[in-house]
**Student:** 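Below you'll find the structure I mean.
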Amino acid sequence: YVDYKKIGVRIAQRRKEIKMKQNTLAEKTNLSNNHISNIENGYSVPSIETFAKICNALNITPDYLLLSSLKSNNIPKNIVDKQIFAMINH
């Protein structure tokens, strides 16, 4: 079961975290502002392609948006960067 409402909330949270306006996310993903709003509010289900575009625009990995069993503030925003940082500092 995929909770699209929670995914939408995480998209909106991440967008606000990086101080990105909804219309900027729409432009970066070639989607309408309305569609982004509907996804964030759980009214629309994003396609895999749209989901990937949103992840890229927000600089996050898909697991950050998908994992509803974990609290979003416990999940690294960019897992790859954290792994590279850990390797460099070892």
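As the structure is a prediction and not an experimental result, all values here were calculated from the model.
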**Student:** How about Asn41 and Ser37: do any of their side-chain heavy atoms sit closer than 4.5 Å?
**Tutor:**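 Yes, at least one pair of side-chain atoms sits under 4.5 Å.
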**Student:** What distance separates Ser47 OG from Ile39 CD1, expressed to the nearest 0.5 Å?
**Tutor:**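 Here the interatomic distance stands at 8.0 Å.
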**Student:** Does Asp3 use its side chain to pair, donor to acceptor, with the backbone of Lys5 at less than 3.5 Å?
**Tutor:** yes
**Student:** Nearest 0.5 Å, what's the NZ-CD distance between Lys16 and Gln22?
**Tutor:**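 With rounding to 0.5 Å, NZ (Lys16) is 8.5 Å from CD (Gln22).
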**Student:** How many angstroms lie between atom CE of Met20 and atom CG of Leu58, to the nearest 0.5 angstrom?
**Tutor:** 5.5 Å
**Student:** Listed by chain and number, what are the side chain to side chain contact (heavy atoms under 4.5 Å, CB included) partners of Thr29, not counting sequence neighbours?
**Tutor:** Leu25, Leu31, Ile36, Lys53, Ile54, Ala57
**Student:** Going by atom types only, do Thr61 and Asp63 share a side-chain donor-acceptor pair under 3.5 Å?
**Tutor:** yes
**Student:** Are the side chains of Asn33 and Glu27 in touch, meaning some heavy atoms are under 4.5 Å apart?
**Tutor:** no
**Student:** Output the distance between atom CD (Gln13) and atom CD1 (Ile60), rounded to the nearest 0.5 Å.
**Tutor:**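 One gets 10.5 Å once the value is rounded to the nearest 0.5 Å.
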**Student:** Are Ile11 and Val45 linked, directly or through intermediate hydrophobic residues, by side-chain heavy-atom contacts shorter than 4.5 Å (ILVMFWY only)?
**Tutor:**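 Yes, one cluster joins them.
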**Student:** Which pair of non-hydrogen atoms, one from Arg15 and one from Lys21, has the smallest distance, and what is that distance?
**Tutor:** NH1-C, 3.7 Å
**Student:** Rounded to the nearest 0.5 Å, what separation is found between the CG atom of Leu66 and the OH atom of Tyr4?
**Tutor:**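 One finds 8.5 Å between CG of Leu66 and OH of Tyr4.
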**Student:** Leu65 vs Cys55, test: side-chain contact (heavy atoms from CB on, under 4.5 Å). Steps then yes/no.
**Tutor:** CA-CA 8 Å; Leu65 297 179; Cys55 288; 3.7 Å; yes
**Student:** Apply side-chain contact (heavy atoms from CB on, under 4.5 Å) to the pair Ile7 and Phe51, showing each step before the final yes or no.
**Tutor:** CA-CA 10 Å; Ile7 289 173; Phe51 189 75; 4.1 Å; yes
**Student:** In terms of hydrophobic clusters joined by side-chain contacts under 4.5 Å, are Tyr64 and Val2 together?
**Tutor:** yes
**Student:** Determine, stepwise, if the pair Asn56 / Lys28 fulfils side-chain contact (heavy atoms from CB on, under 4.5 Å).
**Tutor:** CA-CA 9 Å; Asn56 284 333; Lys28 286 178 174 268; over 6 Å; no
